[in-house]
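Have a look at the structure below, then the notes.
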Amino acid sequence: MTRIRIKDILKTEPQGQQISVKAWVRTFRSNQFIALNDGSTNNNLQVVVDFGNTDEGVLKRITTGAAISATGNLVASLGKGQSVELKASSIEIIGDSDAEKYPLQPKKHSLEFLREIAHLRFRTNTFGAVFRVRNSLAFAVHKFFNDKGFLYIHTPIITSSDAEGAGEMFRVTSLDILNPPKNETGQVDYAQDFFGKSTNLTVSGQLEGELAAMAFSDIYTFGPTFRAENSNTARHLAEFWMIEPEMAFFDLKDNMNLAEELLQYVIRYALDSNGEDIEFLSQRLEEEEKQKPQNERSEMTLLNKLKFCLDNNFERLTYTQAIEILRECNHNKKKKFQYLVDKWGVDLQSEHERYLVEKHFKKPVILTDYPKEIKSFYMRQNDDGKTVAAMDILFPGIGEIVGGSQREERLEKLETRMKEIGIPVEELSWYLDTRRFGSCPHAGFGLGFERLVLFVTGMTNIRDVIPFPRTPKNCEF
RNA sequence: UCCUUCUUAGCUCAGCUGGUUAGAGCACAUGACUGUUAAUCAUGGGGUCCCUGGUUCGAGCCCAGGAGAGGGAGCCA
């Protein structure tokens with residue numbers, strides 16, 4: 001008999017039809033009721049043991065975590081917790097699970113503990129919900145861009161460019177690190193390395209993405225990126241997934257519009273297709289918040305927060321306006337910021353971003369037109385000579401979720417800026433070719449996928465929204 | 001990398017001013033249970049008190065060094 005997924009079984013009208021299910025045991029109560037889960041939904045299927053047809057030996061092997069197969073009739077449940085249940089005529093143990101050794105117990109576990117057994121945490125309610133939502137969001141990203149006619153471009157994972165400037169890189173080499181070949185000056189001779197030169201893992205696909213946009217007009221990348229920064233926070237990973245669209249003939253405003261539309265689209269998609277999972281996560285969060293003192297609790301539930309994002313436009317303002325607001329706010333005047341906001345040109349600290357998003361506007365904020373000194377070389381210089389056409393989208397509880405800009409398309413301005421900051425122009429000659437041949441205004445942004453998943457699931461540590469997190473001093477599994 | 005808190009049973013934690021045999025709840029095992037909802041009841045087993053060194057008659061507790069984790073900051077997505 002064909003296996004039916006539990007998600008589909010639970011939607012079926014129970015008429016005593018015979019069905020077969022294969023899944024894992026979550027709990028076994030009263031020596032009679034098995035809560036079965038196959039990962040297709042957060043809800044379990046209740047299987048009722050028929051004592052006449054089940055021998056004692058099999059009953060003993062129905063333990064938490066065991067894989068079993070059950071066949072029987074689907075009927076309306078006599079109990080209160082569920083609408084349907086499977087009256088099992090036969091139960092078969094597919095894979096035993098020694099309850100004494102199985103780390104997942106039918107009880108609440110801390111997220112920190114589950115992180116240590118990341119290979120098993122998929123089997124919990126919380127992580128089941130998180131990774132189903134993650135899947136929906138990933139699919140929604142592709143659907144959004146595909147529906148708009150964007151081309152999905154695969155940019156390289158290994159790169160020879162070390163001029164992207166987005167952070168420390170992981171070196172890729174096949175040389176013997178204990179005894180590397182040296183050149184005349186005593187340096188490691190990368191000419192003898194696999195690629196004949198020094199290579200690294202990519203920190204961003206943007207520059208390659210721009211090349212493609214200069215032919216296909218609208219493209220996006222969605223792939224892993226790597227940063228060897230020694231960042232120990234709940235918002236950083238050494239290996240994370242990034243979405244980087246790049247659009248020819250777009251200016252900064254078009255760029256912002258697209259980013260906002262994308263974010264709202266994927267949040268709506270997740271709510272529509274994984275409403276139950278998000279509902280579960282929302283309730284989980286509410287329970288957790290009850291442990292906190294009143295003033296630390298969030299004003300909105302996760303569900304309301306997500307709906308609020310869909311119903312309200314993101315607040316847009318320039319860096320200069322933000323500095324004004326911060327300088328004039330009572331918080332600053334009462335010297336409650338650790339870093340006081342005094343003059344134009346300083347980089348915003350995360351306490352300032354949080355104030356703007358969580359206290360002042362109470363909604364997502366798009367900040368634009370930053371001072372050129374604190375932004376990257378490729379951002380388009382504004383006419384004021386001081387700022388660049390950059391935009392950051394700040395989300396409550398997350399901080400920067402999107403960073404983007406209109407790109408500098410004028411060859412001379414770009415080259416001058418690169419020389420000012422000390423970026424080797426010759427090494428990026430291939431990049432500058434886009435400005436030499438048929439250059440045009442274009443724009444793009446990077447969206448940190450895990451930060452998006454954080455926001456939509458309401459989780460607070462980024463290590464809990466990627467299956468196997470890579471962080472400093474941690475590369476398990 | 002900096003600041004800060006923590007590390008005791010499988011998990012979550014308690015452990016007084018340094019003092020005898022280190023505790024609880026849950027989990028697990030055994031038994032009971034034919035309508036349970038993280039079932040319930042009874043009984044039972046379970047410890048490298050993170051590691052190394054020191055102080056002391058005596059260290060889970062004090063001191064030094066190290067490792068790991070949480071929270072905050074910087075860097076960023």
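Model, not experiment: these values are computed from the prediction. The figures here come from the full heavy-atom set of this structure, side chains too, leaving out hydrogens, waters and symmetry mates. Sequence lines set the chain letters: A, B, ... in the order given, protein chains first and strands last, and positions in each chain run from 1.
The side-chain heavy atoms of A/Phe455 and A/Pro396, taken from C-beta on, include a pair separated by under 4.5 Å. With a 4.5 Å cut-off on side-chain heavy atoms, A/Leu137 and A/Phe449 count as touching. Contact annotation: the side chain of A/Val21 approaches that of A/Leu36 to within less than 4.5 Å [non-hydrogen atoms, C-beta and beyond].
On a pure distance criterion of 3.5 Å, a polar donor-acceptor pair joins the side chain of A/Glu85 and the base of B/G35. One donor-acceptor pair, N or O on each side, does fall under 3.5 Å between the base of B/C76 and the side chain of A/His236. You won't find any donor-acceptor pair under 3.5 Å spanning the side chain of A/Ser231 and the base of B/C76, going by distance alone. Looking at A/Arg235, its side chain has no donor and acceptor atom pair within 3.5 Å of the base of B/C75. Taking 3.5 Å as the limit, the base of B/U36 and the side chain of A/Asn31 contain no donor-acceptor pair of atoms between them. Counting atom types as modelled, A/Lys87 pairs a side-chain N or O with a base atom of B/G35 as donor and acceptor under 3.5 Å.
When Watson-Crick and G-U wobble pairs are counted only if both distances are under 3.5 Å, B/A69 pairs with B/U5. For B/U55, there is no paired nucleotide, since no Watson-Crick or G-U wobble pair has both relevant distances below 3.5 Å. Of the nucleotides present, none pairs with B/U48 by Watson-Crick or G-U wobble criteria with both distances under 3.5 Å. Within the shown strands, B/U43 is the pairing partner of B/A29 under the Watson-Crick or G-U definition, both distances less than 3.5 Å.
Among the protein residues, A/Gly446 comes within range of the sugar-phosphate backbone only, with heavy atoms under 4.0 Å from sugar or phosphate atoms but none that close to a base. Among the heavy atoms of the strands lying under 4.0 Å from A/Pro106 is at least one base atom, whether or not backbone atoms are also near. Residue contacts for A/Arg115: at a heavy-atom cut-off of 4.0 Å it reaches the sugar-phosphate backbone alone, with no base atom in range. A/Gln46 comes within contact range of at least one nucleobase, with a heavy-atom separation under 4.0 Å.
A gap of 42 Å separates the P atoms of B/C3 and B/A27, to the nearest Å.
Of the candidates B/A27, B/U1, B/A73, the closest approach to any side-chain atom of A/Asn230 belongs to B/U1. Comparing B/A77, B/C75, B/G74 against the side chain of A/Glu229 picks out B/C75 as the nearest. Out of B/A73, B/A69, B/C28, the shortest distance to the side chain of A/Asn474 is found at B/A69. The side chain of A/Ile462 lies closest to B/A77, out of B/U37, B/A77, B/A38.
The 5' end of RNA chain B is approached more closely, in terms of each residue's nearest nucleotide, by A/Glu112 than by the other of A/Glu112 and A/Gln349. Residue-to-nucleotide proximity on RNA chain B shows that, of A/Ala99 and A/Ser77, the 5′-proximal contact is made by A/Ala99.
Taking a centre distance below 5.5 Å and an interplanar angle below 30 degrees as the stacking criterion, A/Phe113 does not stack against the six-membered base ring of B/C11.
Taking side-chain N and O atoms only, A/Arg29 has a distance below 4.0 Å to OP1 or OP2 of B/A39. The side chain of A/Asn232 contributes no N or O atom lying less than 4.0 Å from OP1 or OP2 of B/C75.
Ion pairing of A/Lys362 with A/Glu358 is absent here, as no side-chain N (NZ or NE/NH1/NH2) approaches a carboxylate O to less than 4.0 Å.
Heavy-atom neighbours of A/Glu276 CD from other residues, nucleotides or ligands within 6.0 Å: at or below the threshold of 12.
Residue A/Glu400 holds its CD atom at 6.5 Å from CD of A/Glu353, rounded to the nearest 0.5 Å.
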